[in-house]
Structures are given as structure tokens and as C-alpha cells.
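Since the structure is predicted, the reported quantities are computational estimates derived from the model, not experimental observations. Worth knowing before you read on, the calculation uses all heavy atoms, side chains too, and leaves out hydrogens, waters and symmetry mates.
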Amino acid sequence: MSKASSSRVVIDLDVSGPAISRHLYGHFAEHLGRCIYGGFYVGEDSGLPNEGGIRLDVVEALKALNIPNLRWPGGCFADEYHWKDGIGPKADRPSMINTHWGNVEENNHFGTHEFMALCELLGADPYVNGNVGSGTVQEMSEWVEYLTRDGDSPMVRQRKANGRDEPWKVPFWGVGNETWGCGGNMRAEAYADLARRYATFCRSYGDNQLYRIAAGASDYDLVWTEALMKAISCLGCGREPKNIFQAISFHYYTIAGSWDSKGSATEFALDDYYRTLIKAQDIDRIIRGHSAVMDAYDPERKVGLVLDEWGTWWDVEPGTNPGFLFQQNALRDALVASVHFDVFHRHADRLVMANIAQTVNVLQAMVLTDDDGGLVLTPTYHVFEMNKGHHDATSVPVHLVEQPEPYELDGKTMDLLSASASVKDGKALISVSNLDPSSPADIVLDLRGAEVRNPTGRLLTASKPQSHNTPTDPGAVAPVPLTDLAADPRGLRVTLPPHSFATVSLDV
């Protein structure tokens, strides 16, 4: 192990920044692989503990994260999903072929009522993604009515006939998904017109105020974002944007290799580690770009930015269905998550929601399950759990005034230290990552504006970045008390081992 680097992080605990919405810690569940069937849903006849077919150990694991919202049914699947096929008696529901993900048969046993029951069990807000690609305005409008309208109407009568008298609360509504690709291969201007049209007929019924999210760009496609902003506002005109849709989404995946050869989740070289974290840190540039375009048309920041798909994407595990996107989850993935959250906190005045892809058994999952009742919490899960104190907290400024020289690879640089902090209910939570894969970090937390009282810390690390949890070793990567935490004339001093994430909590 190399000699420890020295760093100083100034944290202004008495300077209030934007609120960190709990919805930045949102999740995503698509009809893809074993995310829904075998993950969330095992059926009422399963020998595993379930409620209405919903797997209860998965629910309990996610409730421990205070999961704020869940996006469903896709993803690419959303634009081939017709919701009326997924209501009523299961025996009467027609099957379909999931053409995007493995060409497997979908029996529609997990539909609207099952999803809403899952959200109620989780205590999570539903984020429903409607079908623009192969659906109709009427179909989407009627789905909103079926879910959220009270009183009497054709859709309300149908909902009641299917066993639900009271309407549900559905705060978030996606108007299509990836309409530049699997959602229709549209041009930006063509979709912008459709977004206005579809969103117009997604009504707010009673006290259910729908937050409509237009399907936005891939990565750094600022032209797409500008087309959507032009559809509701004008450049420099000084008017508020038209209240047709309330947010714009975009997607960004951390892929260190090429699209055709993404690399292994657990078998990778040191340069692959660096390339991954360089790609992860680039999310800051991506968000700044979209925010700058939106600021030109919406300087008061009335329209939200939503990153409703993010995370690592590796080659599938050997021997698994390529269309199921099942990958392991190593300590490296956890550090990708910690870096993302630090960036999200810095942009919380524009970024209002983020949804990791995906929650169970797909891509950068929180939980991995098997059909025999096994359940593994991934390293990424632990980052979400350790960061719970940031939910709806007030961000405070963090300045890395002294830090190691960035690492350079392939003409790009990677910061070796990442941090953010917030204050809520008399508590401060500081998140800090030592991304150096070989050297510890000796860090002074220069705490200003408040007295340091009752500091405690937690640490997430392992012997190597490739470490991951398995059914036979479920605690290979799990939080432990942070023991290298001591008082310092400037506040606190903490020593972090290589490739580690830590949180420090204190009374303020």
C-alpha cells in the first residue's frame, strides 16, 4: 500500500444550499429479465413469503433504504406495453412477447394493480411511464383516469370492477421513453410536438397533481433538450414556461468499454477501474450542459431535470441470457454510485429526480435474488443505505481546497477524492470517497459554522475493487464502523483506506 495522501475539505455547515430531494434516490423496475418476475413478483402460489405474489424479503430490504419512488414498466418495455392487458382476472389477461428483452413471453400477471400494491408495500411514490411509441393519446389518458380519478366515469367503473374503489395517488408520469431510440426513433422536434399533445391529455384529477416528465436526451444530446425547452418556452423572452410538462428527463450509463464489449463486472484491470470512475465523474459535465440549455429558456428553474436511468452497464454474467442484463455488482459499482450522489447533491437546484437502473437482478441492482429464496444485498445497496440522511436535507457547500493530483489516463483526468454534505433536523451528514485504488487518504474535514459534537462514522470498503457479495459470502462488502476518526483543530480528521466510501454524522 502506498503512502497516504493529505487532503483538506472545507464544509460550511451554516451556509444553506438547495434542498436535496429524496427523489434523487429513486429506483427503476422494468419488465426485463428477472427484475419483475422472480425479483419483485413470484406469484401467489410461490413457496416464498409473499403478499399477493409480491416477494416480501425484497420489499423489506428496499424499505430499509426509505425508497422514495419506483419507475415502471420501462424503459423500452414501456413503449410496447398496453396497460389494459394487465388488469382484471389473471386468467383472462392476454400474453405478449417482450421483443426488447429476450423475446420471452410476458403473461401480464404483474400489471397496474400489482405495481400499485408494490408501491404501497414499499411506501414509495409511483412513477408510471406511459406508452408513446406504440400507444395512443386516448390509451394514456384513460390510464391516468383509471388510476387517479374519483367519482364516476367509464375508467373508474372499470377500476372498481377490478377490486379497487379508491383512486391511487400517482405523482409522477413519464410521457414515453427514449423516443430518440427504442421508443420510436423520432426526431427531437417531432417528439416535442407529441410530448405537448400527450401531456395535455394526462389530466390531474381531484387532489392528484400529475408531474409530467417528457422523455429527454441520451447522454450529452443538448439539441434534444433544447427542442423540448423550445416546445414550452422561448429564448430570452422572460416568460415562464408553459405548464404542459413539468420536467425533462435524460439517460446516462457508465460504460467503461465499448457498447459491444463492456467488460466484466468483477474481472477487470486497474486501467478499467480508472476508466469507469472517469466516466462516472463525467456526469457532472453532462448535468451542467443540460442545465445551461434549460437556464436559457427557464432562468427561474421552474422545469425540473430528471435522470431516470443511470448506473453501470457491464457484459452479462457468463451463462445467463444476454437479453436479461444480469450482472454482478462490485465495490467499484458502489463507488460509481457514491460519485453520482455527490454530483446530484451539487445540482439539486435543477436535478429533481434520479432513478438507478435497476432495482433487482438487472444492471446495477440493489438486490440479487434466486428462485430458492436467496437474497444478496449489493455494495451499491449499502451506499444508498448509508446516504439516507441526505433525503430532503439542505445541502451545504463543500470545497476540496487540498487534494491529490488527479489521475490521468487516455488524455482524461479523474479526481481521487469526492465529497458532499447536508444538514437536517440538527444533524450533519458528510459523504466522502477515496477513489485512489492503492493509497489511503488522510483527510481533514474543516468544519465551519457549527460546533463539532458527537461525531460517528461508517466505512464501506473491501480488499480490492473487484470484491462483491455472493450467497456464500453475503458480507464481503458491507458497512463497518469508521474507527480512524479523530478530533482536529479544524474539525475532524479521517483516514480512509484505498477504494472506500464513508459517511460521517455529527450533531450541529
Side-chain angles (χ1 to χ4, degrees), residues 7-26 63-68 284 334-349 351-354 356 366 379-401 403 417-435 441 443-461 478-488 490-497 500-508:
S7 302
R8 182 162 63 94
V9 181
V10 173
I11 302 173
D12 296 314
L13 294 170
D14 60 342
V15 179
S16 297
I20 298 170
S21 172
R22 67 186 184 280
H23 293 295
L24 294 176
Y25 288 80
K63 284 176 68 176
L65 301 181
N66 296 344
I67 175 173
D284 182 71
L335 296 176
V336 168
S338 71
V339 164
H340 273 70
F341 286 131
D342 289 340
V343 175
F344 294 171
H345 298 167
R346 291 199 294 272
H347 292 282
D349 53 348
L351 191 71
V352 298
M353 179 189 289
I356 193 165
M366 303 295 103
T380 299
Y381 174 98
H382 295 304
V383 173
F384 273 73
E385 189 275 326
M386 292 168 70
N387 262 2
K388 283 192 302 184
H390 291 304
H391 292 198
D392 292 331
T394 300
S395 63
V396 296
V398 173
H399 309 280
L400 277 63
V401 296
Q403 60 177 317
L417 193 66
S418 181
S420 63
S422 68
V423 174
K424 182 176 72 172
D425 299 333
K427 289 273 189 182
L429 183 66
I430 302 163
S431 298
V432 59
S433 301
N434 176 20
L435 304 178
I443 305 165
V444 172
L445 300 177
D446 190 340
L447 303 174
R448 303 182 180 183
E451 180 185 353
V452 177
R453 293 181 290 121
N454 303 319
T456 60
R458 301 171 72 197
L459 175 69
L460 184 71
T461 192
V480 296
L482 177 62
T483 55
D484 289 323
L485 179 67
D488 183 271
R490 293 182 180 271
L492 293 169
R493 181 179 294 272
V494 58
T495 300
L496 298 185
S500 65
F501 167 70
T503 55
V504 175
S505 178
L506 58 140
D507 296 333
V508 294

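- Taking CG of Leu65 as the reference point, atom CE of Met366 lies at 7.5 Å (rounded to 0.5 Å).
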- request: Decide yes or no on side chain to side chain contact (heavy atoms under 4.5 Å, CB included) for Leu485 and Leu492, but give the supporting numbers first.
  value: CA-CA 7 Å; Leu485 179 67; Leu492 293 169; 4.2 Å; yes

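- Contact detail for Val452 and Gly491: the closest heavy-atom pair is CG2-CA, 4.1 Å.
- Residues Thr394 and Ser422 are not in side-chain contact: their nearest non-hydrogen atoms beyond the backbone lie 4.5 Å or more apart.
- In this structure, Lys424 does not pair ionically with Asp392, as no charged nitrogen and carboxylate oxygen lie closer than 4.0 Å.
- Scored by the side-chain contact (heavy atoms from CB on, under 4.5 Å) test, Ser395 finds Pro18, Ile20 as partners (sequence neighbours excluded).
- Here the OG1-CD1 distance, from Thr503 to Ile430, works out to 9.5 Å after rounding to the nearest 0.5 Å.
- Asp507 pairs by the side-chain hydrogen bond (donor to acceptor under 3.5 Å, both in side chains) definition with Lys427, Asn454, not counting sequence neighbours.
- Residues passing the side-chain contact (heavy atoms from CB on, under 4.5 Å) test with Val480 are Leu459, sequence neighbours excluded.
- Shortest non-hydrogen contact noted between His382 and Pro479 is ND1-CD, 3.4 Å.
- Taking CZ of Phe501 as the reference point, atom CG of Asn387 lies at 4.0 Å (rounded to 0.5 Å).
- Put simply, CG on Asn66 and NE2 on His391 are 6.5 Å apart, with the number rounded to the nearest 0.5 Å.
- Residues meeting the salt bridge (charged side-chain N to carboxylate O under 4.0 Å, His left out) test with Arg458, sequence neighbours left out: Glu385.
- Residues satisfying the side-chain hydrogen bond (donor to acceptor under 3.5 Å, both in side chains) criterion with Thr461, sequence neighbours excluded, are absent altogether.
- The closest donor-acceptor contact from the side chain of Lys388 to the backbone of Ile67 lies at 3.5 Å or more, if one exists at all.
- You'll find the side chain of Leu417 reaches within 4.5 Å of the side chain of Val9, heavy atoms only.
- A search for side-chain contact (heavy atoms from CB on, under 4.5 Å) contacts involving Val352 returns Tyr211, Val306, not counting sequence neighbours.
- With sequence neighbours left out, the side-chain contact (heavy atoms from CB on, under 4.5 Å) criterion links Ala428 to Leu13, Val423, Leu506, Val508.
- Rounded to the nearest 0.5 angstrom, Leu482 CG and Leu496 CG are separated by 6.5 Å.
- Here Asp484 pairs with nothing under the salt bridge (charged side-chain N to carboxylate O under 4.0 Å, His left out) rule; sequence neighbours left out.
- The ring-ring contact (aromatic ring centres under 6.0 Å, His included) check on Phe341 picks up Tyr25, Trp310, Phe344, Phe384, with sequence neighbours excluded.
- Partners of His347 by ring-ring contact (aromatic ring centres under 6.0 Å, His included), not counting sequence neighbours: none found.
- Two residues are said to be in side-chain contact when any heavy atoms from C-beta on lie closer than 4.5 Å; Arg346 and Asp284 meet this criterion.
- Using a 4.5 Å heavy-atom threshold, the side chains of Leu400 and Arg8 count as separate.
- Nearest heavy-atom pair, Ala19 versus Ala348, reported as atom, atom and distance to 0.1 Å: O-CB, 3.3 Å.
- Considering only heavy atoms from C-beta on, Asp12 stays 4.5 Å or farther from Val396 through its side chain.
- The shortest distance between side-chain heavy atoms of Val383 and Leu460 falls below 4.5 Å.
- For the residue pair Ser433 / Ser338, a side-chain donor-acceptor distance below 3.5 Å is found, with atom types taken as modelled.
- Partners of His340 under the side-chain hydrogen bond (donor to acceptor under 3.5 Å, both in side chains) rule, at least two apart in sequence or in another chain, do not exist in this structure.
- The CD atom of Gln403 lies 10.0 Å from the CD1 atom of Ile443; values are rounded to the nearest 0.5 Å.
- The closest side-chain donor-acceptor pair between Ser431 and His390 falls under 3.5 angstrom.
- Here Arg448 pairs with Asp446 under the side-chain hydrogen bond (donor to acceptor under 3.5 Å, both in side chains) rule; sequence neighbours left out.
- In summary, the side chains of Ser500 and Asn434 do not present any donor paired with an acceptor at a separation below 3.5 Å, with no hydrogens or angles considered.
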